[in-house]
2 protein chains.
Amino acid sequence: MNEKCHIYRALNFVGKRWTLLILLELYKGNSKWKRYSELKNTLLDITPKILSSRLNELREEGLIEKRVDSDKMPISSNYSLTKKGLDFVLVIKEIKKWSLKWDTIQDCKSDDCKTCLL
Amino acid sequence: MNEKCHIYRALNFVGKRWTLLILLELYKGNSKWKRYSELKNTLLDITPKILSSRLNELREEGLIEKRVDSDKMPISSNYSLTKKGLDFVLVIKEIKKWSLKWDTIQDCKSDDCKTCLL
DNA sequence: CAGGATCCAAAAGGATACTG
DNA sequence: CAGTATCCTTTTGGATCCTG
């Protein structure tokens with residue numbers, strides 16, 4: 001409840017819907033820049049409002065950075081994980097390790113589970 | 001979004017309000033049993049509905065266990081961290097480490113921050 | 001193309017009263 | 001004491017349309 005509690009601040013953005021999927025998409029890209037429309041097409045059911053909300057939140061927290069190419073039209077906005085964001089992926093992996101250690105379900109049976117974040 | 005995704009399952013309960021504070025209270029207790037009323041008194045503004053919801057969620061996920069003493073009246077319900085729950089505290093510590101590593105705010109200035117979970 | 005604005009639906013949280 | 005039931009408020013997510 002404390003605004004300055006580090007744990008709560010972290011959970012405040014990471015606990016939200018779509019956030020991890022966005023981080024994952026950027027992580028898969030291997031530190032490459034991905035444009036807004038790429039993310040939108042990959043995350044099939046996300047609406048533009050939610051996507052930009054999440055991107056802004058992650059940017060405010062310093063996990064991703066944004067680069068705009070306005071030279072050529074149409075404009076393209078690109079996003080990429082920062083070092084802080086990349087480091088956070090390790091935390092997510094810890095969560096997954098914990099879960100795999102204690103869950104009876106050993107695999108989510110999705111291709112993503114293996115290639116996902118572990 | 002996948003029901004079986006370990007990461008999402010974990011975030012689904014841990015991301016909720018009060019959950020970490022409850023885990024913290026039980027963790028402070030050093031594996032001792034704490035009663036419902038103790039938790040309610042310590043977590044000042046929590047309402048009975050939320051407290052019992054969170055306790056049930058945590059119990060379903062196997063992070064805490066419940067013991068009821070119905071011998072003597074009035075009945076007392078007691079809660080304690082399981083090994084799985086205790087192990088999860090380590091994950092929370094990882095989140096805190098990450099946050100302390102990257103945040104400019106170095107301390108939440110609350111007594112809790114030091115005694116908290118690190 | 002990249003989003004902002006608006007409006008609506010759903011979910012979560014919370015206050016209060018009540019019961020075995 | 002340890003909750004449950006009910007009702008209400010707030011927050012979040014989502015669908016759709018619009019614009020530089």
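These values consider heavy atoms only, across backbone and side chains, with no hydrogens, waters or symmetry-generated copies. By convention in this document, chain letters (A, B, ...) are assigned in the order of the sequence lines, proteins followed by strands, and residues within each chain are numbered from 1.
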From CG of A:Asp45 across to C1' of D:dT16 the rounded distance in Å is 15 Å
What nucleotide among C:dG13, D:dG13, C:dC1 has an atom nearest to a side-chain atom of B:Arg17?
-> C:dG13
Please determine if a side-chain N or O atom of B:Tyr79 lies less than 4.0 Å away from the OP1 or OP2 oxygen of D:dG3.
-> yes
Any side-chain donor-acceptor pair under 3.5 Å between A:Ser80 and A:Asn78?
-> no
Lys/Arg-Asp/Glu bridge criterion (N-O < 4.0 Å) met for B:Lys84, A:Asp103 | yes
If you check the B:Arg35 side chain, which of C:dA2, C:dG13, D:dC1 turns out closest?
-> D:dC1
Taking only the side-chain heavy atoms of A:Lys16 (C-beta and beyond), determine which of C:dG14, D:dG13, D:dC1 contains the nearest atom.
-> D:dG13
B:Pro48 side chain, from C-beta outward: closest of C:dA2, C:dA17, D:dT16 = C:dA17
With a 4.5 Å limit on heavy-atom distance, are the side chains of B:Asn56 and B:Lys66 in contact?
-> no
Are any of the side-chain nitrogens in B:Asp87 or A:Lys97 under 4.0 Å away from the carboxylate oxygens of its partner?
-> no
Between C:dG14 (P) and B:Lys40 (NZ): distance, integer Å | 12 Å
Rounded interatomic separation in angstrom, taking CG from A:Leu43 and P from C:dG3 = 14 Å
Roughly how many Å is it from CG in B:Asn56 to P in D:dT4, rounded to a whole number?
-> 6 Å
Listed nucleotide nearest any side-chain atom of A:Arg54, set D:dA15, D:dT12, D:dG3 | D:dT12
Selection from C:dA2, C:dG14, D:dG13 that lies nearest to any side-chain heavy atom of A:Tyr36 | C:dA2
